[in-house]
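In what follows, chains are A, B, ... by sequence order, proteins preceding strands, each numbered from 1.
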Amino acid sequence: MRFYITTPIYYPNSEPHIGTAYTTIACDVISRFYKQKNYDVFFLTGTDENSNKIIESANKVNKKPIEYVNEMAELFKNIWKNLDIEYTKFIRTTEDYHIKTAQFVFQKLYEQGYIYKGLYEGWYCIHCETFWTTSKVDDSKLCPNIECRRPLNYIKEENYFFKLSAFEDKLLKYYEDNPDFVYPDYRFNEVVSFVKSGLQDLSVSRKYNNWGIRVPFDQDYSIYVWIDALTNYISALGYPFELDLFDKYWEVSHHMVGKDIIRFHAVIWPAILMALNIKLPKKIIAHGWLMYDNQKISKSKGGDIFNLKEIALSNDKIKISALRYYLLREGSFGQDIPVSLERFKYIYTSELSNNIGNLFSRVLAIIEKKLNKYVFKESDFSYIQNSFINERLSNFDKELSNFNYSKAVLEILNLADYLNKIIENYKVWEIKDKNLNQIMYELVYSLVVLNKMLYPFMPFIANNILEQLNLPLESLKWDYTIPDSFNIKERKILFPKIENVLA
RNA sequence: GGCGGCAUAGCUCAGUGGUUAGAGCAAGGGAAUCAUAAUCCCUGGGUCCGAGGUUCAAAUCCUCGUGCCGCCA
């Protein structure tokens, strides 16, 4: 069984922020989850380095573009590493193999008649490298991108166009035949109605400006982001020159994207693939935005509160684990997620510290103090209902398989609640005879299951628990057989109470 | 403007024809002392947006209205 998951490739013209991390963590959780189930997982992330904005960003810091992107790519890798992101490959679109693939793709589309030279006339933002329709441009004639707002130019320019319009019917047929192609379904509906409203051909080149990938048969032009960036998903697998990985993983491909780039992934990318005669990705998963103070989180809005670079480079693994948990625990995946420091503190204290952390603490303390750190299975389960635990686990599996992160987390909390109630109901601290061993064994057994569910969200914490329970890494696998006895090691507080979780 | 969605407890939401509408959190009361004062139990609380309709029966289906949200390169 195999699984291929990708993040979008990120623009390195600014440092990664909490929103970027959200996407990447979401992929990491899924990736780790499938690894636990013994899937052969390929997890791809990387940087999209060929935009002309890079030149500008590099100039600002007095660097050559290539030096600049080299440094930024290292920063991205470093931050992901610190956030416990375990990717398989980090792709950079300035790397040779990617350039070759992008050019190959462009050439092939051209040869097959899907790319033609045409004239574009209309409003253009040089900075954003974006053509704007008249409906979006107001009287000010400023760039509609609120983060840009530079003056637009009215241009007439020859460019290469991709015959997107030729794929309207094929796409609609594909959507109809693959009702799970885009998640969530309401986003899928939007995609379908967009395509139904009619597709226009797409400008896929820009005037070459000493940066970017040249159109192979016309040195005056560079390949624009669609064909350049989107092909990273297959160039990373070696397409079309080394097909081993491609043959292995492409048919199980999942693209995680923000809701703002669904169309590129659910319309343009499939059309390109159809033109190349390549199978379409299995699923496009679109998440919502993190919202701070009712606005999309960004460097200026909320980015200072949730300062990713600072958090990541602090190497405070508990804080980082809690952040991973918090971001995916909130809201309903796909919808916008409101985040705030207050809420993060609340989740940390209530769910991680008081509920989960304290549960481990009270169980292990009893075993340490009253059972000399040792418990063993003496009889069949008589305190804890195995069916209840199995149901949590299978619900967790079902929800996470469907990208319902927060619902999966609720199963974790549900199990923790249940175990807290068991301790309470049987007044475990009063039991003096051999029944104590049995109930404690059942509790530790349950904690091992709980830890399996914690792992994809908080791998550092899960490993910490493994040490305390004296268990091997394999105990995180779904097919692990839980042992009949446990020798507990030293007990450690998982989530210390802290006044300022982020400070 | 076109298309689509949503409106249920103070908050976030579950509930698509069948007892007295549910959960978590918040609020109020209590118990316990193994544990990071962490936990557990109980209680209060709803014109299911409004109006009309279909039905033996509507939060649930239909129509209209109101409000909010998403998509329309």
Using the P atom as the reference point in each nucleotide, state the distance between B/C61 and B/G17 in Å, no decimals. 8 Å

Quick one: does A/K492's side chain get under 4.5 Å of A/N464's, heavy atoms only? yes

Inter-nucleotide P distance (B/C49, B/A58), Å rounded: 15 Å

From the options B/C71, B/C40, B/U36, select the nucleotide whose nearest atom is closest to the side chain of A/K421. B/C40

Nearest to the side chain of A/A365, which nucleotide is it out of B/G4, B/C34, B/U36? B/C34

Answer for the Watson-Crick or wobble partner of B/G4, both distances under 3.5 Å, is B/C69

Whom does B/G50 pair with, Watson-Crick or G-U wobble, provided both distances fall under 3.5 Å? B/C64

Counting neighbours of CG on A/D433 that are heavy atoms of other residues, nucleotides or ligands and sit closer than 6.0 Å, is the number greater than 12? yes

Roughly how many Å is it from CG in A/D417 to P in B/C40, rounded to a whole number? 6 Å

Select one nucleotide: of B/U36, B/C34, B/C72, the one nearest the side-chain heavy atoms of A/S353. B/U36

Donor-acceptor pairs under 3.5 angstrom involving side-chain atoms of residues 270-278 of chain A: please list them, not counting sequence neighbours.
none

Output the rounded distance in Å from CD (A/E368) to C1' (B/U36). 14 Å

Look at all strands and tell whether A/L199 reaches a base, only sugar-phosphate, or nothing, counting heavy atoms closer than 4.0 Å. base

I'd like the C1' distance from B/U16 over to B/C25, given in whole Å. 26 Å

Can you tell me if A/R343 touches the phosphate of B/C25, counting only side-chain N or O atoms and a distance under 4.0 Å to OP1 or OP2? no

Sugar-phosphate only, base, or nothing, as touched by A/S361 at under 4.0 Å among non-hydrogen atoms: base

Quantified in whole Å, what is the P atom distance between nucleotide B/A7 and nucleotide B/A26? 25 Å

Same-atom distance (P) from B/C64 to B/C3, integer angstrom: 12 Å

Considering every strand shown, what is the Watson-Crick or G-U wobble mate of B/G17 when both distances are under 3.5 Å? none

To the nearest 0.5 Å, tell me how far A/Y124 OH sits from A/N159 CG. 7.5 Å

For the pair A/F306 and A/Y326, name the ring-plane relationship: parallel under 30°, tilted 30 to 60°, perpendicular over 60°. parallel

Considering every strand shown, what is the Watson-Crick or G-U wobble mate of B/A35 when both distances are under 3.5 Å? none

Name the pairing partner of B/U43, where a pair is Watson-Crick or G-U wobble with both distances under 3.5 Å, or state none. B/A27

Of the nucleotides B/C71, B/A35, B/A26, which one has an atom closest to the side chain of A/Y346? B/A26

Protein-nucleotide distance (A/F194, atom CZ; B/C72, atom C1'), rounded to Å: 8 Å

Examine the base of B/A38 for any acceptor or donor lying under 3.5 Å from a partner atom in the side chain of A/N354, and report the outcome as yes or no. no

Rounded off to whole Å, could you give me the CD1-to-C1' distance for the A/I493 and B/A38 pair? 10 Å

Is any side-chain N or O of A/K497 closer than 4.0 Å to OP1 or OP2 of B/A37? no

With respect to the side chain of A/F495, which nucleotide from B/U36, B/U33, B/G70 is positioned closest? B/U36

Picking from B/U36, B/U39, B/C72, which would you name as closest to the side chain of A/L494? B/U36

Rounded P spacing from B/G18 to B/U60 in Å: 11 Å

With rounding to whole Å, what would you report as the distance between B/G24 and B/A14 at their P atoms? 16 Å

How far, in whole Å, is B/C6 from B/A59 if one measures between their C1' atoms? 14 Å

In whole angstroms, the gap separating P of B/C6 from CD of A/Q335 amounts to 11 Å

Looking at B/A73, B/A32, B/C3, which one has an atom nearest to any side-chain atom of A/S193? B/C3

Under-4.0 Å side-chain N/O to phosphate OP1/OP2 contact, A/K369 with B/A35: yes

Can you label the angle between the A/F333 ring and the A/Y22 ring as parallel, tilted or perpendicular, going by 30° and 60°? tilted

Given B/A38, B/C34, B/U39, the nucleotide with the shortest approach to the side chain of A/N358: B/A38

Which residue, A/S350 or A/R329, contacts RNA chain B at a nucleotide closer to its 5' end, judged by nearest heavy atom? A/R329

State, without any angle test, whether A/S401 and A/D397 hold a side-chain donor-acceptor pair at a distance under 3.5 Å. yes

Determine the sole option in A/R392, A/K398, A/K452 for which the salt bridge (Lys or Arg N to Asp or Glu O under 4.0 Å) test with A/E411 is passed. A/R392

Specify the separation, in whole Å, of atom OH of A/Y418 and atom P of B/A23. 19 Å

Rounded to whole Å, the CG-P distance (A/L364 to B/U39) equals 17 Å

Using heavy atoms to find the nearest nucleotide of RNA chain B for A/Q200 and A/N189 separately, return the residue whose nucleotide is more 5′. A/N189

Under 4.0 Å, heavy atoms only, any strand: does A/G288 hit a base, just the sugar-phosphate, or nothing? nothing

Output the rounded distance in Å from CD1 (A/I439) to C1' (B/C34). 11 Å

